Structures are given as structure tokens and as C-alpha cells.
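Below is one structure, written out as C-alpha cells, with a few remarks after it.
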Amino acid sequence: MGFRAKTMIKTISNRLLSLLLLFMAFLMPSSCNKSGNASPETAAADTSSVSEEYHADNDIAMVVRSIVDALRVGEALDTADYNFEGILTDGMGHPLYTDIQGQPGSWDVDVISPTSAVIRNISIGDLLPDYLESYLAGSLNLSPENIVETAEFDDDEETQLVVYDFGSGYLRFETRASVAPNGLEGPLLSIIATKTPPEGL
């Protein structure tokens, strides 16, 4: 085989190799998408489907029951054990309220003495205080017969008060109306568990 023939074969081979490489490069993006690397549109759809309903295990009934049980047996409340700031949920793991930005609403659990602790929502939102009171009373086997005080105050905050006697202490629900800087209204709820009886009892 002459030099010219060898050169032609080499040229043809190089062209075929170049065409093969171009063809493979063309196929690569589509095969990547099929193998799991989603296109921007698919990725956006996946992101929206991933934003599922918030779920957590910090059930407010468990928190309140733990504090009440400690008071019942005469155990001193310790800030290291009970102080908490974050999301508290109902029995299904759902936040008890969403704030005005649409985020799960935060709570503050604060031991204020060895015999009392307060739980309060940090910001306003779509909280239902009556529903929450019923949920907690039911979880502690408290009935309307355990209510020792109710009051509604004629003030700007429309304060409402309900106090339960759980046998060796008291559970006080205090609800006040509040207004956010943007003008939206919502309730602020304080739940106080204490061994100290309310004034007048």
C-alpha cells in the first residue's frame, strides 16, 4: 500500500472518529436527563413537591404534661430540662399556628421559678387558643369541673383568663389580642403551670 493510500485511510479514520465523538457529545445531555439529572423545569417541579407540610415531634401536650407531672411529684423545675424556643406541635406533628409570614409559629418555654413555668407563642398568627386549651385539658384529663377561675377584662387587649386546678398545682391560660406592625391582629397566649394558687383562691 502506497503512502498516498495510507494517508487517505488515516484521514478517513480521523474524520470518522471526529464524527463519532460529535455524535456521542450530542447524545450525552439527553441520556443524562433520562438517567436522573433532571432538566430545570423538572427540578423546579421536584422542589415544589419536596416542600411538604411541616412535621416535628415537639408536641405541646407532652411538654405541658412533663411540667405538670414534675409539679405533682414535687420535683423542682430546671431551666436546663425545660427551657426551649422553637416549634411546638399538636398530636399529629403539625405546628399550632403559622405566623404572618406563613412560617410555622415559634414558642418559648421558660422556667421562671422551681415551681412555675410559662409557655407562650412568640409571634401572632392563626392560633386558636380555645382549641389549644381544649386539647391540653383533654390530654391532662381535666374537665370543666377543674376550672377554678374565669375572667374577661375590659381592656384594650381583650384579656381572657381560665385557670384549671390539676390537683397539686394550677394551669392558667391567659389570652390577649395583639396587632402586628402591618395591622394584622392575632392572639398572644400564655400558659402558666404553677404550684402557687391564683390570688383569691
Side-chain angles (χ1 to χ4, degrees), residues 54-99 104-180 185-201:
Y54 183 92
H55 185 280
D57 296 322
N58 299 316
D59 179 14
I60 191 170
M62 293 175 65
V63 173
V64 173
R65 179 181 290 279
S66 178
I67 294 170
V68 166
D69 286 346
L71 294 175
R72 280 176 172 157
V73 299
E75 178 185 314
L77 300 178
D78 189 340
T79 56
D81 294 330
Y82 295 102
N83 280 17
F84 168 83
E85 184 174 316
I87 312 302
L88 292 176
T89 62
D90 62 14
M92 302 298 291
H94 302 138
L96 296 166
Y97 74 101
T98 52
D99 62 21
S106 293
W107 293 79
D108 177 48
V109 182
D110 186 22
V111 172
I112 53 180
S113 81
T115 58
S116 59
V118 61
I119 302 168
R120 54 190 160 229
N121 55 318
I122 293 175
S123 57
I124 66 171
D126 57 349
L127 177 66
L128 301 174
D130 291 342
Y131 168 79
L132 182 53
E133 179 190 332
S134 298
Y135 172 55
L136 293 176
S139 71
L140 294 169
N141 296 318
L142 300 176
S143 68
E145 286 72 29
N146 294 101
I147 296 175
V148 293
E149 183 181 359
T150 60
E152 290 189 19
F153 299 95
D154 188 18
D155 56 12
D156 292 339
E157 297 175 324
E158 303 172 9
T159 306
Q160 297 181 357
L161 180 69
V162 181
V163 181
Y164 290 81
D165 182 345
F166 57 81
S168 52
Y170 302 87
L171 199 60
R172 171 189 172 114
F173 294 85
E174 183 177 310
T175 307
R176 294 180 290 112
S178 182
V179 181
E185 296 183 1
L188 290 176
L189 174 64
S190 294
I191 305 165
I192 302 173
T194 180
K195 288 191 76 71
T196 307
E199 291 182 15
L201 290 183

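Computed from a predicted model, the values in this text were never measured in an experiment.
Remark: D108 pairs with E85, D110, R120, I122 by the side chain to side chain contact (heavy atoms under 4.5 Å, CB included) rule, at least two apart or across chains. The salt bridge (Lys or Arg N to Asp or Glu O under 4.0 Å) search around D69 returns R72, not counting sequence neighbours.
The line from OH of Y170 to CG of L71 is 12.0 Å long, rounded to the nearest 0.5 Å. L189 CG to Q160 CD: the interatomic distance, rounded to the nearest 0.5 Å, is 10.5 Å. Note that OG1 of T159 is 10.0 Å distant from CG of D154, once rounded to the nearest 0.5 Å. Taken from CG in D59 to CG in D90, the straight-line distance is 7.0 Å, to the nearest 0.5 Å. Taking CD of E158 as the start and CZ of R176 as the end, the distance is 12.0 Å to the nearest 0.5 Å.
Counting heavy atoms from C-beta on, the side chains of L171 and I191 come closer than 4.5 Å. Side-chain contact between E149 and L161 is present, with at least one heavy-atom pair separated by less than 4.5 Å. Side chains of K195 and S168 form a contact here, defined as non-hydrogen atoms less than 4.5 Å apart. The closest side-chain heavy-atom distance from Y82 to S66 is below 4.5 Å.
Considering every non-hydrogen atom in both I87 and P104, the closest pair reads CD1-O, 3.4 Å. Minimum heavy-atom separation, T89 to P95: CG2-N, 4.1 Å. Nearest heavy-atom pair across L136 and A61 is CD2-CA, 3.6 Å. When all heavy atoms are compared, the tightest approach of S143 to Y164 is O-CE2, 3.8 Å. Between N83 and V111, the closest heavy-atom pair is OD1-N, 2.8 Å. S190 approaches V118 most closely through the heavy-atom pair CB-CG2, 4.2 Å.
No donor-acceptor pair closer than 3.5 Å links the side chain of D99 to the backbone N or O of G105.
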Derivation and outcome, side chain to side chain contact (heavy atoms under 4.5 Å, CB included), residues E185 and I124
CA-CA 7 Å; E185 296 183 1; I124 66 171; 5.8 Å; no
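In summary, of the residues considered (I60, I119, T79), a side chain to side chain contact (heavy atoms under 4.5 Å, CB included) with V109 occurs for I119 alone. Only one option out of L96, T175, N121 pairs with L132 in a side chain to side chain contact (heavy atoms under 4.5 Å, CB included); it is L96.
Each ring pair (Phe, Tyr, Trp, His ring centres under 6.0 Å) pair with one or both residues in residues 105-161, not counting sequence neighbours, appears once here: Y97-W107.
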